[in-house]
Number of protein chains: 2
Amino acid sequence: MKPSPTREALLEAACVLFYQRGIHATSVDAILEKAGVARQSLYLHFTSKDGLIAEFLKVRDERWRGAMQRYIATAGEPDQKLLAIFDFLASWFAEPDFHGCAFINTAVEYADPQHPFHQLSAEHKARVRADVLALCLEAGLSEAEAVAGQLALLMEGATVTEQVTRGSQAARQARQIAEILIYRSKGETDACVN
Amino acid sequence: MKPSPTREALLEAACVLFYQRGIHATSVDAILEKAGVARQSLYLHFTSKDGLIAEFLKVRDERWRGAMQRYIATAGEPDQKLLAIFDFLASWFAEPDFHGCAFINTAVEYADPQHPFHQLSAEHKARVRADVLALCLEAGLSEAEAVAGQLALLMEGATVTEQVTRGSQAARQARQIAEILIYRSKGETDACVN
DNA sequence: CGTCTAATAGACCAACCGTTCTATTGGAGC
DNA sequence: GCTCCAATAGAACGGTTGGTCTATTAGACG
C-alpha cells in the first residue's frame, strides 16, 4: 500500500462527510471540494463512489474499535473495563458532531439485508460483540456469551437514544443497567445494594 | 376531512415504500405507480413530497403506538404488561418485512437534529417513553421515571440490533434484562413501603 | 534535456429527481 | 343538457447525480 496523499485526502473527506451527513446525502462533488482534489483523481484511486464507501466502512471499523480498546485500556480491574465501555460511549456522545453509529446508519441507508454495505455493518457489529465477549471472559463472568450480548444491546440502545434525542444521558443510563448485569453475573445473589 | 380514496391510496403506498426502502430511496414515481394514481393527484392532496412524508410520520406514530397498546392490553398483571412490551417487539421483529423503527430510520436519514423530520422522530420517541412511563406507574414501580427510561433504551437496543442483524433474538434478550430491572424496582418498592 | 507519471480543470453525458403545466376525461348534481 | 370538479395522461422544466473523456500541467528521475 503506497500512502498517496491525494488518496488519503479523498478518504479523509469521505469519512467526515459520510458520517456527518450520511452516505446518500453526500455527493461526489462535495467530497472532491472538501478534499481539494480533482474529479478524475477519485476514479484514479477508487473504482467508484461505492468503492470509496467500502473503504470508509473499513477504516471506520478499525478506528472506532481501536478508540474503544484504547479507552478501555486505561481502566483497571477487568470488570471496571466493562463499565469503561459506557464511559467511552459518554465521551463519544459528548463530541459536538456526534451523529450516531456509522454502521447503524449505513444499515438504515441500505435497508436490504442482502446489500453488501448492510452486511459489512452486521460484520462490524459482530466484531464489536466479540471484543466485548473477550472482556467478559477476562472478567471471569459466568455466562459470558449471554452478558456480552446484553452489553452489546445496551450499547446500541444508548447510541440510538442519544442520536435521536441529544442530551438524553443515555450512556449513563446504560452504564447503570450494565452495572447490575455484571454484578449479577459475578455469581452473587441479588441484593438491593446501591 | 373527507376520506378521498385517491389520497388514501397515495398515503398507503407511501407508508409501505417509505418504511421498506427508506424515504430518500423512494421516488415520487414509485409511490405513484404503487398507488395506481396520476402524477398531479399527489400535488392535489399534498403540498409536496415533504408534505406526504410528514403525513406518513403522523400515521406511523399513531398506528405503531396503537398496535403496542392493543397488544399490551391482552396481558394481565401490570408488570406482565411491561414485559409484554418485549413480546410485542418479538412479534414485530418476526414480520418478514421488518425494517427497524421508522423513526430511528428517519432520524438517520435526516441527520441534522434541527430538521423537522428529525424532531418529529424525537417527539415520537418521547411519546413512546410517556406510554411506558404510564405503565410503570400503573405497576407501582419505585423510580418509575428511571425505569421507563431504562425500558425505552432496551426497546431501542433490541430494535436496532434486530434490524442490523436479523435473527439475533434481541427481543428475548431485552426481555430478560427488563425482567431483572422490573424485579429490582418492585423489591425497592416493598422495601420502601415496609 | 527528454520521459514518465500523477494530478489537474473542465466540458460532457445519460439518468434521475421533484415539480409544474396543459389538455382531456368522466361522473355527480342541479 | 349543462356545469362543476376530481382525476387522468403525458410532456416539459430545471437541477442534481455518478461517471467518462480530453487536454494540459508540474515534478521526479535518469
Side-chain angles (χ1 to χ4, degrees), chain A residues 1-58 105-106 108-112 115-118 120, chain B residues 1-58 105-106 108-112 115-118 120:
Chain A
M1 286 285 180
K2 44 223 141 159
S4 155
T6 304
R7 189 193 138 99
E8 219 57 31
L10 279 165
L11 188 49
E12 199 51 39
C15 282
V16 172
L17 293 177
F18 283 159
Y19 177 64
Q20 288 189 355
R21 306 186 192 171
I23 295 176
H24 287 319
T26 300
S27 68
V28 166
D29 282 328
I31 297 171
L32 296 175
E33 192 188 3
K34 179 154 192 106
V37 146
R39 191 164 195 71
Q40 260 286 14
S41 300
L42 193 153
Y43 298 94
L44 227 74
H45 290 283
F46 303 92
T47 65
S48 62
K49 189 190 182 185
D50 277 4
L52 187 51
I53 294 170
E55 210 65 25
F56 155 65
L57 293 175
K58 184 179 158 198
N105 297 351
T106 300
V108 167
E109 289 209 66
Y110 297 89
D112 178 8
H115 193 289
F117 297 154
H118 189 111
L120 284 178
Chain B
M1 284 281 182
K2 42 214 143 169
S4 154
T6 305
R7 190 192 136 98
E8 220 57 31
L10 278 165
L11 188 49
E12 199 51 39
C15 282
V16 172
L17 293 178
F18 283 159
Y19 176 65
Q20 288 189 354
R21 307 187 192 171
I23 295 176
H24 287 318
T26 300
S27 68
V28 166
D29 284 328
I31 297 171
L32 296 175
E33 192 188 4
K34 178 153 193 108
V37 147
R39 193 162 198 71
Q40 259 287 14
S41 301
L42 192 153
Y43 297 93
L44 228 75
H45 290 283
F46 303 92
T47 65
S48 62
K49 189 191 182 186
D50 277 4
L52 186 51
I53 294 169
E55 211 64 25
F56 155 66
L57 293 175
K58 185 179 157 196
N105 298 350
T106 299
V108 167
E109 290 208 66
Y110 297 90
D112 178 8
H115 194 288
F117 297 154
H118 189 112
L120 284 178

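Remember, it's a predicted structure, so these values are computed and weren't measured experimentally. FYI, side chains are in, hydrogens and waters are out, and symmetry mates aren't considered; it's all heavy atoms of this structure. Protein chains get the first letters and strands the later ones, always in sequence-line order, with residue 1 at the start of each.
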Donor-acceptor pairs under 3.5 Å, side chain of residues 13-20 of chain B to any protein atom, not counting sequence neighbours: which ones?
from, atom 1, to, atom 2, distance (Å)
Tyr19(B), OH, His99(B), N, 2.7
Tyr19(B), OH, Gly100(B), N, 3.3
Tyr19(B), OH, Gly100(B), O, 2.8
Gln20(B), NE2, Asp97(B), OD2, 2.7

## Note on the structure
Whole-Å distance, Lys49(B) NZ to dC16(C) P, equals 15 Å
### Message
Please evaluate residues Ile53(A) and Asp50(A) with respect to the criterion side-chain contact (heavy atoms from CB on, under 4.5 Å), reporting the C-alpha separation (whole Å), side-chain torsions for both, the decisive distance (0.1 Å), and the verdict.
### Response
CA-CA 5 Å; Ile53(A) 294 170; Asp50(A) 277 4; 3.7 Å; yes
Distances for protein N/O vs nucleotides 25-29 of chain D N/O pairs under 3.5 angstrom?
none

### Backbone N/O of Ile23(A) and side chain of Glu109(A): donor-acceptor pair under 3.5 Å
yes
### Task
Supply the atom-to-atom distance Arg7(B) CZ to Leu10(B) CG, rounded to the nearest 0.5 angstrom.
9.0 Å
#### Entry: Euclidean distance, atom CG of residue Leu10(B) to atom C1' of dG18(C) [Å, nearest integer]
15 Å
### Task
For His45(B) and Glu55(B), run side-chain contact (heavy atoms from CB on, under 4.5 Å): C-alpha distance rounded to whole Å, both residues' side-chain angles, the deciding distance at 0.1 Å, then the answer.
CA-CA 11 Å; His45(B) 290 283; Glu55(B) 211 64 25; over 6 Å; no
### Query
Does any residue of residues 29-44 of chain B have a heavy atom under 4.0 Å from DNA chain D, and if so, which ones, in number order?
Gly36(B), Val37(B), Ala38(B), Arg39(B), Gln40(B), Ser41(B)
### Message
Regarding Thr26(A), tell me which of base, sugar-phosphate or nothing describes its non-hydrogen contacts under 4.0 Å with the strands shown.
### Response
sugar-phosphate
### Task
May I have the distance from His24(B) (atom NE2) to dG18(C) (atom C1'), rounded to whole angstrom?
13 Å
### Message
In whole Å, I'd like the distance from the NE2 atom of His45(B) to the C1' atom of dG18(C).
### Response
18 Å
### Query
Which nucleotide in the set dG19(D), dG18(C), dT8(D) lies at the smallest distance from any side-chain heavy atom of Ser48(A)?
dG19(D)
### Partners meeting side chain to side chain contact (heavy atoms under 4.5 Å, CB included) with His115(A) (sequence neighbours left out)
Tyr110(A), Asp112(A), Phe117(A), His118(A)
### Query
Does the side chain of Thr106(A) come within less than 4.5 Å of Leu57(A)'s, by heavy atoms?
yes
### Task
Take atom CD1 of Ile53(A) and atom C1' of dG19(D), then tell me their distance rounded to the nearest Å.
14 Å
### Query
According to the salt bridge (charged side-chain N to carboxylate O under 4.0 Å, His left out) rule, which pairs have a member within residues 9-23 of chain A, sequence neighbours left out?
Glu12(A)-Arg63(A)
### Task
May I ask you to verify if any side-chain N or O of Ser4(A) is less than 4.0 angstrom from the OP1 or OP2 atom of dA7(C)?
yes
Under 3.5 Å, which donor-acceptor pairs do the side chains of residues 28-44 of chain A form with other protein atoms, sequence neighbours left out?
from, atom 1, to, atom 2, distance (Å)
Asp29(A), OD1, Arg39(A), NH1, 2.7

